[in-house]
Amino acid sequence: MKIITGKILLVDDQPYEELFLKEALASIDRFTEVEYISDPEEALAHLKDNRDEIFLIICDINMPEMSGLDFKKEIEKDNYLREKSIPFVFFSSEDSNETVKQAYTHNVQGFFKKADSIEAQGELLKIIIRYWATCLHPIMGVEK
């Protein structure tokens, strides 16, 4: 597995989700930095203006002002951000079939129901991180 570089960008309007994610990541041997932004519009501006390396975007669906789906649509509209191909997954308490279908029409790489415990969330994150750490991907480069 490749060494993980870059950070996880968490976009969620609930501040406790940052603590929940950091606790879950602490149980993972390949811990990476988390950057938390509660407002999708601010996260979009950050992605456009900042050249930080982002390993993964984890986003909630239901947020005030701009939904997670609208945030993903804006990323897809921007040539620079779309070409970066940053892996994007939804973590949400919303799991209706219609919402899941709608999310996948916007090139998300996963849709996961938020776990009820830190342990369960940690296990889910381990799977996702291992997948993206081993997947050939423009951001990660190709090892020779």
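Model, not experiment: these values are computed from the prediction.
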Inset, instruction - Determine, step by step, whether Thr99 and Asp95 satisfy the side chain to side chain contact (heavy atoms under 4.5 Å, CB included) criterion, reporting the C-alpha distance in whole Å, the side-chain angles of both residues, the deciding distance to 0.1 Å, and the verdict. - result: CA-CA 7 Å; Thr99 302; Asp95 66 347; over 6 Å; no
Can you check side chain to side chain contact (heavy atoms under 4.5 Å, CB included) on Ile129 and Ile8, steps first, answer last?
-> CA-CA 10 Å; Ile129 289 171; Ile8 293 176; 4.1 Å; yes
* To do: List the steps, then state whether side chain to side chain contact (heavy atoms under 4.5 Å, CB included) holds for Tyr36 with Val11.
  => CA-CA 6 Å; Tyr36 169 72; Val11 183; over 6 Å; no
Does the pair Glu17 and Asp60 meet the rule for a side chain to side chain contact (heavy atoms under 4.5 Å, CB included), with working shown? CA-CA 10 Å; Glu17 290 293 341; Asp60 190 15; over 6 Å; no
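Checked by atom type and distance alone, the side chain of Tyr104 pairs as donor or acceptor with a backbone atom of Phe111 at under 3.5 Å. Here the side chain of Glu83 pairs no donor or acceptor atom with the backbone of Ser85 at under 3.5 angstrom. Lys113 contributes a side-chain N or O that, together with a main-chain N or O of Ser93, makes up a donor-acceptor pair within less than 3.5 Å. With Gln109 contributing its side chain and Asn107 its backbone, the two residues share a donor-acceptor pair below 3.5 Å.
Under 4.0 Å is where a charged nitrogen must lie from a carboxylate oxygen, and between Arg82 and Glu76 no such pair does. Ionic pairing of Glu98 and Lys101 is not present here: no N-O contact between side-chain nitrogen and carboxylate oxygen is shorter than 4.0 angstrom. Salt bridge status for Asp12 with Lys114: present, with a side-chain N to carboxylate O gap under 4.0 Å.
From Ile75, atom CD1 reaches atom CG of Leu44 across 6.5 Å, with rounding to the nearest 0.5 Å. A distance of 11.0 Å separates CD of Glu74 from NE2 of His106, quoted to the nearest 0.5 Å. For the atom pair Glu65 CD and Ser38 OG, the distance stands at 11.0 Å (nearest 0.5 Å). Here His46 contributes atom NE2 and Leu9 contributes atom CG; the two are 6.0 Å apart, rounded to the nearest 0.5 Å.
At least one side-chain heavy atom of Ile54 sits less than 4.5 Å from a side-chain heavy atom of Lys7. With contacts defined as side-chain heavy-atom distances shorter than 4.5 Å, the pair Phe71/Leu47 qualifies. Considering only heavy atoms from C-beta on, Ile58 stays 4.5 Å or farther from Phe112 through its side chain. Between Phe91 and Leu125 the shortest side-chain heavy-atom distance falls below 4.5 Å. Using a 4.5 Å cut-off on side-chain heavy atoms (C-beta onward), Val100 and Phe90 make no contact. Cys59 is not listed as a side-chain neighbour of Val89, based on a closest heavy-atom distance of 4.5 Å or more.
Counting all heavy atoms, side chain and backbone alike, Leu69 lies closest to Ala103 at CD2-CA, 3.5 Å.
Judged by the 6.0 Å and 45° rule, Lys72 forms a cation-pi pair with Phe88.
In terms of hydrophobic clustering, with Ile, Leu, Val, Met, Phe, Trp and Tyr side chains grouped at heavy-atom distances under 4.5 Å, Leu10 and Leu19 are assigned to different clusters. A single hydrophobic cluster is not seen to contain both Tyr16 and Ile61; linkage of ILVMFWY side chains at heavy-atom distances under 4.5 Å, directly or through other members, places them apart. By the criterion of side-chain heavy atoms lying less than 4.5 angstrom apart, applied directly or through intervening Ile, Leu, Val, Met, Phe, Trp or Tyr residues, Trp132 is not grouped with Ile127; the two fall into different hydrophobic clusters.
Just one residue in the list Glu42, Glu41, Lys73 forms a side chain to side chain contact (heavy atoms under 4.5 Å, CB included) with Met66, and that residue is Glu41.
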